[in-house]
Structures are given as C-alpha cells and as structure tokens.
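Worksheet: one structure, shown below.
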Amino acid sequence: MDRRDYLGQSMMQAAVLPARAAYLIRVGSDTGFRRAAQEASTRWAGMTEPILVVPENGEIPDELRETVATAKVEGVVNVDVEGAVAQRAAAALGLPCVRIAQIDQAGAAMFTCHPLHVNPPVQPSTLPVVAVDGAPLWQVAAAGLLSEDQADELRRTALAARSGLPDEYGRTQMYGATHLQSTIAQFGEHRSNAFGSLPAAVWVTEPDDVEDCVAFWNARALRPVSHAGMPMVLLPTGEVQHWLGLAQQLAGMLGRPAEFSPDVMLLSRNVPQEQLHEIAEILELQRTEAEVRIGTQFPTPALREPPFTYRTGLDPRSWLLRDREYGLSTSFDVHVFAGDTSTLRFTSPVHFHTQGSWALVRVWGSPLDGLPRRDCVASLVEKNAQWRGDSIQLRTPAQNDYIFALTVPTLAQAAEAVLEQASARHALSDKGKLGVALQAQADIAALLEPGVYEGVIALTTPRSKELLKELRKIRAEGADDDAQLVELASMWGGRAERRYRPTTKMELSPQRASEAAERLCAIGWAERGVGTNCAQCGVRTFHPFEQTQRRPACPGCSSPSRYETTADGLSVFYRLDSFVDRASDQGLLPHLLVIAALTKKEPNSYFLPGIDVWFTDQMRGEADVFGLYGGRVLSGEVKTSASQFTTEQLTHDIALSTRLGVDIHLLAAVDTVPQTTREQAAKFCSDVGLDLLVLDKSELRRP
C-alpha cells in the first residue's frame with residue numbers, strides 16, 4: 001500500500017451490547033403486557049426494554065417519546081396493537097417496527113442473545129424467581145414471565161429459574177434475585193450523566209393494575225443499570241401486611257450514605273394516598289415534607305439509619321430521563337489508513353458462554369472525528385454499518401474476540417457521499433475548480449493574516465468586473481457616440497499584462513504592506529521584481545528579479561531602458577501569480593477567506609469552494625461553500641458586501657441549503673453583516689430546522 005495513506009496508530013474504543021426493543025401494547029391490555037414481559041424475559045437486557053401503551057389513534061404522547069429517546073432502543077415490536085396504528089406510532093418515533101412473532105428471526109434488526117448466553121451457571125440454592133402463566137400482573141412486572149415450557153427448558157440448562165411464594169417476588173427485588181434482573185448480566189453504561197445517588201422508589205400497585213405495572217416497568221427500564229444509585233421495588237396492596245420481616249429487609253436496602261432526602265419515594269398511579277400512607281406505616285417509614293435533596297457528597301457521609309423518611313406525589317422521571325450510552329466497553333490500538341481498510345482487533349468486554357446468537361458492536365475514536373453522522377457515510381466504513389451517536393454500529397455474531405476490516409473514509413470521500421445522496425448530479429462550479437487548485441497550491445490560512453487578503457485584492461488586475469462596471473457606467477450616462485467606447489477599448493485592450501505595484505500603493509500601512517507582500521511571495525502567490533517604463537514606446541514592464549539584466553532593454557521595441565527608481569533607490573514591485581490573479585478577479589478570494597476561517601474554528605473540516613447541483617426535479621442550484629464542519633454538513637453563500645443579502649437572496653440561499661439536507665447554513669460577508677440581516681436569516685433557518693452560522697469582517701479580517 002502507498003505509505004502516504006497511513007495516518008498512524010490511534011487508540012479507539014468499542015462497546016458490546018444487545019439489540020434492544022420497545023413493545024407496543026393496547027391501552028389497558030393485560031395480555032399485551034404479559035406477552036411483552038414474557039418476550040423481554042427471554043432477551044439479554046430485557047429489563048431495560050420499555051413497554052409503550054399506544055392510544056387507538058396511534059398518536060405518541062411526549063412521555064413515550066422521551067422514554068424511547070432515553071432508552072435508545074433499536075426498534076419497536078408490535079404485541080397487540082392494530083397493524084396500521086402500530087406502523088403510524090413507529091413512524092412517529094422514527095423506528096422500524098416488527099410483529100412480535102418476527103423479533104427473534106435470525107437477521108432481524110432486533111434479534112439478539114438469550115440471557116443464558118451471558119449469564120454464568122447458578123447454584124440450585126440461588127435460583128432466581130420468575131412468574132409463570134396465571135401469576136398476578138405485579139409478579140410479572142417485578143420478576144419477569146416465562147411459560148411453563150420456557151421454564152422447563154431453562155431448568156435443563158445451567159441457568160434455571162423457579163416460581164416462588166408471593167412474598168418472594170417482593171423481597172428478591174431488593175437484592176437482584178429475580179429472573180428479570182438476571183437479564184442485565186454483563187450489561188452496563190459506558191457513559192452516563194445520571195445522578196449519583198437518588199431516593200429509593202417503592203412503587204405500590206393493585207395486584208393486576210396494568211397502568212401502574214407499566215409505569216413501574218418503564219421507570220425501572222430507565223434507571224441507571226447499576227441500581228445502587230436508585231433502588232426500586234414493586235409491592236402489591238392487600239398483601240404486604242402479611243409478609244413478616246419486610247420492614248427490616250427494606251431497611252437493609254435503605255441503609256445507604258446520607259447524600260439525599262427523602263430516603264424513599266412512595267409512588268403509584270392509582271392507589272389512593274391514604275392507602276399509601278398505611279403501607280408506609282407497615283414498612284416503618286416516617287413521612288416528611290422536607291424539600292427533595294439529591295447528589296453525591298465527598299467525603300461520603302455515614303450510612304442512614306432508621307427511621308427512614310418518605311414522600312408521596314413525587315415524579316422520578318426528571319431524574320431518570322438522563323443521557324447515557326449503553327454497553328460494556330474496551331480500548332484497543334489500530335493502525336489507520338485513510339480511505340482504505342484498517343483492521344480492528346479486540347477482545348470482547350462481554351464474555352459469551354455459548355455461541356450462535358447476535359450482538360451489537362459500537363466503535364468510536366479520533367479516526368472517525370470530522371465525519372458527518374449520516375448513514376451514507378457509515379456505509380463507507382462498512383456496508384451495513386449505522387451511526388449511533390458518535391459510534392459506528394455493527395450487527396455481528398456474538399464472539400469473545402472480534403476482528404473487523406473497516407474503512408476510515410477521508411473527509412473528501414464523506415462529503416462526496418453526502419452530495420451524492422442529496423442531489424441527482426453535482427460538479428465543482430467554475431470558481432470551485434479554481435479554488436480547489438489554489439487550496440492544493442498553498443495553505444489558504446495565510447489569508448487570515450493581517451493585510452494578506454487586502455494585499456491580494458490590491459494586486460489583482462482589474463478585468464471582468466471592472467470592465468463590466470465601466471460599460472454599465474457608459475450605458476447609464478447615455479453616451480451618443482463611440483468615443484468613450486473607443487477610449488475604453490484602448491485602455492482595456494492593453495491590459496494583457498498583470499498589474500504590478502509597489503507596497504506604497506496597497507492602501508496599507510508601510511510595514512503591514514511589506515509584510516503582506518512578502519508573505520504572498522513566501523506561499524508562491526506573488527513574485528518580486530522591478531519595472532521599466534520605455535521612453536521610446538511608452539510600454540511599462542514588470543521584470544522578476546531572476547530575469548533582471550545589467551543593461552535592461554524594453555521587451556516591446558528593444559530600446560535601452562532603465563529600472564524605475566525613487567529617491568531611496570531601486571523601486572521594488574510585486575505581482576500576483578497569473579493563476580491567483582485570475583482567481584481573485586473571478587471573485588474567489590472571499591470563498592477561500594471564509595473557508596480558512598471555518599477551518600481555523602474547526603480544524604477537522606473539509607470544504608469545496610463552489611459547487612453546482614442538480615436535483616431530480618431538474619432544479620439547479622449553486623453554493624459558494626459546501627463541506628463538513630466539525631462533523632456537520634454545511635452549505636452557504638459568501639458575499640463581498642452584506643448589502644447583497646436581500647430577503648430574496650436569503651430565501652433562495654436557505655432553500656438550497658434545505659434541499660441539500662445540511663445541518664448548518666452559512667451566511668458570510670467580507671464586510672459587516674447588520675443585525676437585522678442576522679435576525680432575518682436566523683428566523684428563516686429556524687423555520688426549516690437549520691442552524692445558522694454568520695461570519696463577517698470581525699472574524700475574517702484582522703486589523
């Protein structure tokens with residue numbers, strides 16, 4: 001392989017986790033809840049899979065949207081909702097939907113491991129409890145549900161489960177001894193902003209109340225996987241008063257560092273407040289109205305002791321709806337090749353006791369920085385890969401050692417993929433072709449240095465725009481003869497030679513002008529020289545220093561000539577490279593100036609300085625700048641004068657950015673963008689869901 005493609009060795013990280021789902025059931029559906037719980041009980045991390053009660057109209061309330069967004073499931077499973085309603089609900093959540101009969105089909109998006117794949121063998125004396133057919137609904141919510149056949153099958157393996165006495169379903173939750181709790185073995189969060197210590201949640205329900213059981217199930221699904229931060233238990237009304245020693249056992253769970261208050265949130269959707277207080281008395285809890293206090297303290301305070309306090313009427317969701325990334329993670333080194341295959345090798349942080357099932361692997365690290373989080377870019381990494389946050393997700397057989405051959409695309413390849421997805425056809429504009437060539441010649445960051453941009457403009461030979469301006473002026477004056485046109489033709493006909501100037505003509509301070517001119521020479525955009533002004537034929541000529549002679553002659557008439565001087569000696573002139581001169585005359589320099597500023601803000605970026613795009617409906621558009629800005633897609637317009645950003649222009653520019661599907665619309669001007677223009681552009685962008693980035697003189701040109 002060409003060694004120039006090698007970017008070096010880099011550390012990356014990987015997480016291994018199950019494909020998880022959310023279950024759709026009808027309002028008040030006892031059988032739907034049981035079937036969903038039964039399915040979750042046979043899946044790795046099933047305890048963290050929420051159950052969503054879908055209204056008959058299929059409209060998803062905000063509470064369910066928040067639950068799904070926090071749970072970060074891969075899809076939804078229709079348990080007993082009417083098919084069209086389920087599809088409408090899934091579409092509203094932006095997730096694929098399968099019938100529950102299809103969830104465990106090999107190759108399905110949500111096919112994953114059975115808990116026995118990740119659970120170690122257990123001793124008969126510590127068998128977890130699980131509800132079986134006919135059990136009260138609260139036992140199903142607390143411990144999970146298996147059919148008799150499923151329970152018998154587990155008993156024939158090293159991982160077994162048993163049905164228990166009614167009080168066991170309450171007590172075993174306190175120390176993780178239910179079958180449902182066993183589904184989160186070797187499952188965790190490698191990143192979370194969850195609160196460290198929270199009051200315990202004691203949820204109370206009527207034995208067969210679907211609403212309370214669903215509410216408890218979903219709250220437990222969203223709590224940190226390490227439940228030490230928020231112990232949670234479900235208890236039935238009408239039974240707890242008969243369970244001997246329950247208060248003492250609960251006290252053992254509540255003896256935690258005194259970092260929060262109250263000790264317990266006593267929760268229920270449908271149990272009356274009076275009955276909650278009666279149960280609190282049975283549990284030997286003391287009522288308090290003190291303000292809620294949460295957090296972690298250093299050093300850790302002493303353990304709380306009875307009597308433990310409680311409050312009713314609290315909602316734990318605000319503490320549970322916290323961002324997190326699931327999976328057990330590991331780090332590894334990889335040799336990275338830009339735009340080519342890189343081999344990733346690592347030992348799985350999850351140990352699979354049996355083979356033959358599936359898991360998800362997510363990889364992330366600096367080699368992926370700067371890539372837009374679009375699936376068209378993920379497919380460049382691996383054909384069937386997807387983005388999950390900042391990670392590339394792969395579906396793979398569950399293994400204890402992984403080897404992946406993945407491609408880390410260049411930012412140019414990623415930008416091309418985004419353009420291909422957004423348009424029917426695209427190409428560099430005329431300015432874009434010039435700009436790409438200039439970007440390859442030199443570091444355009446020099447344009448941000450004091451005086452350099454102004455120096456280029458001062459040295460640019462006036463051609464197309466200046467000629468057009470003069471012609472418009474003559475037309476506006478209404479001249480009735482050709483004299484002015486003849487004079488103009490004479491003037492411009494002799495403009496074959498590029499403009500050259502001394503630094504005194506660059507409209508900068510003497511020191512700044514000299515520094516800028518020399519900087520342009522250093523990057524190859526300008527050259528130094530001297531000038532002659534032939535007394536015989538009147539032709540003025542620039543002579544690069546390397547072409548000077550002891551006795552100069554006019555290149556036009558060959559008459560002896562002399563180099564121009566001042567009182568201080570030989571006059572030194574500067575002239576732009578012909579290619580740079582042409583690009584500047586075409587108005588490209590503002591594009592490059594803006595790209596230099598963007599790249600300075602976000603070094604891991606890539607931009608094209610002008611593109612033409614065609615869409616499937618034959619519409620055509622042109623963007624001055626298109627590219628990747630710190631991992632987000634950006635497109636926009638660059639003007640020399642902000643006054644050109646009229647309402648019509650803004651509408652046109654933002655409409656193009658919208659069609660291109662970018663994340664950020666760019667509005668840039670070499671001079672100052674007025675506040676009114678900023679506000680108008682911000683409103684237009686907000687209306688179509690785009691972020692706005694404004695650059696003007698304050699960020700583009702240093703004094």
Side-chain angles (χ1 to χ4, degrees), residues 2 4-8 10 336-340 342 364-381 385 387 390 392 406-423 425-448 523 583 588-613 621-638 656-657 660-668 690-691 693 695 699-700:
D2 188 343
R4 290 175 297 177
D5 295 331
Y6 179 58
L7 299 182
S10 179
V336 182
F337 296 85
D340 213 319
S342 301
W364 68 95
S366 57
L368 302 179
D369 291 349
L371 295 176
R373 279 34 179 167
R374 308 287 182 95
D375 282 344
C376 64
V377 177
S379 64
L380 298 178
V381 179
W387 284 104
D390 291 329
I392 286 288
L406 303 181
T407 299
V408 179
T410 64
L411 296 183
Q413 291 170 332
E416 178 70 16
V418 172
L419 269 176
E420 286 184 357
Q421 185 182 58
S423 63
R425 182 166 64 90
H426 63 275
L428 288 170
S429 64
D430 290 340
K431 289 182 181 179
K433 294 173 184 176
L434 290 173
V436 167
L438 279 180
Q439 285 174 298
Q441 275 188 6
D443 183 5
I444 62 172
L447 289 171
L448 298 174
I523 63 175
L588 176 64
L589 265 294
H591 297 208
L592 298 184
L593 179 66
V594 167
I595 289 174
L598 291 171
T599 307
K600 182 179 180 181
K601 284 175 172 284
E602 287 286 351
N604 212 353
S605 298
Y606 171 84
F607 301 101
L608 296 171
I611 58 167
D612 292 323
V613 290
E622 179 181 358
D624 287 345
V625 175
F626 178 90
L628 310 180
Y629 181 63
R632 305 179 72 196
V633 183
L634 174 148
S635 177
E637 191 77 5
V638 181
L656 177 60
S657 289
L660 287 171
V662 305
D663 305 303
I664 303 171
H665 176 72
L666 171 71
L667 185 157
L690 295 180
D691 288 340
L693 177 61
L695 294 180
E699 294 169 294
L700 298 177

Original post:
Is there side-chain contact between L411 and S605, with heavy atoms separated by less than 4.5 Å?
Top reply: no

Original post:
Side chains of L628 and L371: does their closest heavy-atom pair fall under 4.5 Å?
Top reply: no

**OP:** Check side-chain contact (heavy atoms from CB on, under 4.5 Å) between V594 and all other residues, then give those that pass, not counting sequence neighbours.
**Re:** L598, V638, L666, A668, L695, L700

Original post:
Hey, are the side chains of P609 and L592 touching, using non-hydrogen atoms and a 4.5 Å cut-off?
Top reply: yes

Original post:
Between D691 and R632, is the closest basic N to carboxylate O distance under 4.0 Å?
Top reply: yes

Subject >> Sidechain N-carboxylate O distance under 4.0 Å for K601, E699 >> reply: yes

**OP:** Compare all side-chain heavy atoms of L634 with those of V662 and state whether any distance is below 4.5 angstrom.
**Re:** no

**OP:** Could you tell me whether the side chain of Y606 reaches within less than 4.5 Å of the side chain of Y629, counting heavy atoms only?
**Re:** no

Original post:
Is it true that a side-chain atom of S342 and a backbone atom of F337 form a donor plus acceptor pair closer than 3.5 Å?
Top reply: yes

**OP:** Would you please name every residue forming a side-chain contact (heavy atoms from CB on, under 4.5 Å) with S379, sequence neighbours left out?
**Re:** none

**OP:** State which residues pass side-chain contact (heavy atoms from CB on, under 4.5 Å) with T407; sequence neighbours excluded, sorted by chain then number.
**Re:** T341

Original post:
Partners of D430 by salt bridge (charged side-chain N to carboxylate O under 4.0 Å, His left out), sequence neighbours excluded?
Top reply: none

Original post:
Do the non-hydrogen side-chain atoms of L690 and S657 ever get within less than 4.5 Å of each other?
Top reply: yes

Original post:
Does N604 use its side chain to pair, donor to acceptor, with the backbone of D369 at less than 3.5 Å?
Top reply: yes

Original post:
Which residues satisfy the side-chain contact (heavy atoms from CB on, under 4.5 Å) test with V418, sequence neighbours excluded?
Top reply: P372, R374, C376, V377, F626, V633

**OP:** Answer with yes or no whether the side chains of E416 and H426 bring together a donor and an acceptor at under 3.5 Å.
**Re:** yes

When the side chains of residues 432-444 are checked against the rest of the protein, which donor-acceptor pairs come out under 3.5 Å, sequence neighbours left out?
{"unit_1": "D443", "atom_1": "OD1", "unit_2": "A445", "atom_2": "N", "d": "3.0"}

